[in-house]
Amino acid sequence: MGQREAEPLGCSGDDGDRHVGCLLGSSRQFVSRRLQVEVNFKSSVRPAEPGETPAVHAAVEAAFGPEEGPTVARLVGALDAAGSTRASLVADLDGRIVGHVQLNRSWLDARRSLVDVLVLSPLSVHPDHQGEGIGGQLLDAAVAEAERLGAPAVFLEGDPGYYAARGWSAAGPLGFVKPSARIPDPAFQVVLLPAHQDWMRGALVYCEPFWALDCVGLRDPLLARLEGAGATEDGPPG
């Protein structure tokens, strides 16, 4: 996915920034209708209704902009059509959808067996409402819903500076293998949930729509530019 020059991947979130992550419906039955998380005095996070698909796609497109937005909106639709969506949550402001986050079924290829896990992608906040805390509340609501669904872990590709402050950790040091070498190591993030067991480690396997729409990791020239910046910061080998 494209991104502002200073940041790798594309989730449109809080604080006016596009955060690395979320590399990026018919499956709404997986979503708790009881979920209702307060965002601020005027807005709330709730499950998306099937009839709200056009409004969700419009919010996603606006959040990611004219270059990336149409592809990310197609990703949302493709995940729904493939039956991969496990939760689709929206931020509702006076009856208008101003944000969205989605949880999608993927797998962990552990030594003992395949394990169903969730990938959080995309996370979107309308540009008019970035910096209001909506992205963080969508993130918290998604993790709470993943735990309710019994998932052992949730993964994303995200800016570690943003997500670490919200309880996420780099996945590699915890024994997880990223699904593509084109994902910068610090961007491969995870939250472990109570259902996780120690043997549940290994390679993350994304569901097919992410690959079909080329929404995994980064590509050159952005990838090369980021790798070059990292090498400069680290300095030459000693």
Side-chain angles (χ1 to χ4, degrees), residues 1-4 7-25 27-28 31 35 37 39-40 42-81 84-104 118-146 154-159 162-163 166 168 187 189 206 209-210 213-216 218:
M1 295 293 303
Q3 182 63 14
R4 291 182 182 175
E7 300 174 348
L9 301 174
C11 263
S12 174
D14 262 357
D15 307 320
D17 293 330
R18 296 276 186 84
H19 300 293
V20 182
C22 300
L23 304 173
L24 310 152
S27 301
R28 309 303 187 207
V31 182
L35 181 64
V37 180
V39 175
N40 54 39
K42 296 182 178 179
S43 62
S44 63
V45 174
R46 60 170 176 78
E49 299 292 339
E52 293 177 320
T53 298
V56 167
H57 287 196
V60 171
E61 286 203 36
F64 281 87
E67 184 175 337
E68 296 176 287
T71 298
V72 182
R74 284 198 298 273
L75 175 63
V76 171
L79 290 163
D80 282 348
S84 299
T85 306
R86 291 296 179 265
S88 178
L89 309 177
V90 297
D92 185 316
L93 178 63
D94 297 331
R96 186 166 67 95
I97 292 174
V98 296
H100 170 260
V101 66
Q102 189 153 305
L103 294 170
N104 310 286
L118 296 173
V119 170
L120 189 154
S121 179
L123 169 64
S124 311
V125 177
H126 193 284
D128 292 345
H129 296 280
Q130 291 177 10
E132 297 176 5
I134 293 174
Q137 293 291 339
L138 283 165
L139 196 64
D140 290 345
V143 171
E145 182 66 358
V154 185
F155 294 86
L156 58 74
E157 297 178 37
D159 174 5
Y162 178 80
Y163 290 101
R166 290 158 176 80
W168 295 73
Q189 297 275 310
Y206 280 154
F210 288 106
L213 289 170
D214 196 17
C215 290
V216 180
L218 301 173

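If you're wondering where the values come from, they're calculated on a predicted model, not measured in any experiment.
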* Sub-4.5 Å side-chain heavy-atom contact between Val125 and Glu132 -> no
* Identify the two heavy atoms, one from Val60 and one from Ala73, that lie closest to each other, and give their separation to 0.1 Å. => CG1-N, 3.9 Å
* Heavy-atom check, side chain of His100 versus side chain of Leu138, under 4.5 Å -> no
* List the atom of Gln130, the atom of Ala63, and the distance in Å for their closest heavy-atom pair. => NE2-O, 4.3 Å
* State, with a plain yes or no, whether a side-chain heavy atom of Ile134 is found less than 4.5 Å away from one of Gln137. => no
* Structure fact -> Scanning both residues in full, the closest heavy-atom pair of Gly158 with Gln189 reads O-CG, 3.8 Å
* If you round to the nearest 0.5 Å, how far is CG of Leu79 from OG1 of Thr85? -> 5.5 Å
* If you round to the nearest 0.5 Å, how far is CG of Leu139 from CH2 of Trp168? -> 5.5 Å
* Decide whether Asn104 and Ser84 meet the rule of one side-chain donor and one side-chain acceptor closer than 3.5 Å. => no
* Structure fact -> Residues Pro47 and Leu89: closest non-hydrogen pair is CA-CD2, 3.9 Å
* What closest approach, in Å, do Ala48 and Val56 show between heavy atoms, and which atom pair accounts for it? -> CB-CG2, 4.4 Å
* With side chains defined as the heavy atoms from C-beta onward, is the minimum distance between Asp128 and Val98 less than 4.5 Å? -> no
* Quick one: pull up CD in Gln102 and CZ in Arg86 and give me the separation to the nearest 0.5 Å. => 11.0 Å
* Asked: Can you find a heavy atom in the side chain of Pro122 that is under 4.5 Å from one in the side chain of Val76?
  -> yes
* In Å and rounded to the nearest 0.5 Å, what is the CD1 to NE2 distance from Ile97 to His57? -> 10.5 Å
* Quick one: are Leu75 and Ser121 in side-chain contact, heavy atoms under 4.5 Å? -> yes
* **Side-chain (Glu52) to main-chain (Glu49) donor-acceptor, under 3.5 angstrom** => yes
* **Inter-residue atom distance Leu118.CG - Leu156.CG, 0.5 Å rounding** => 11.5 Å
* **Whether His126 and His129 hold their rings parallel, tilted or perpendicular, with breakpoints at 30° and 60°** => perpendicular
* Structure fact -> Closest non-hydrogen contact found for Phe64 with Ser124 is CE1-OG, 3.2 Å
* Decide yes or no for Asp140 and Val45: does some side-chain heavy atom of the first lie under 4.5 Å from some side-chain heavy atom of the second? => no
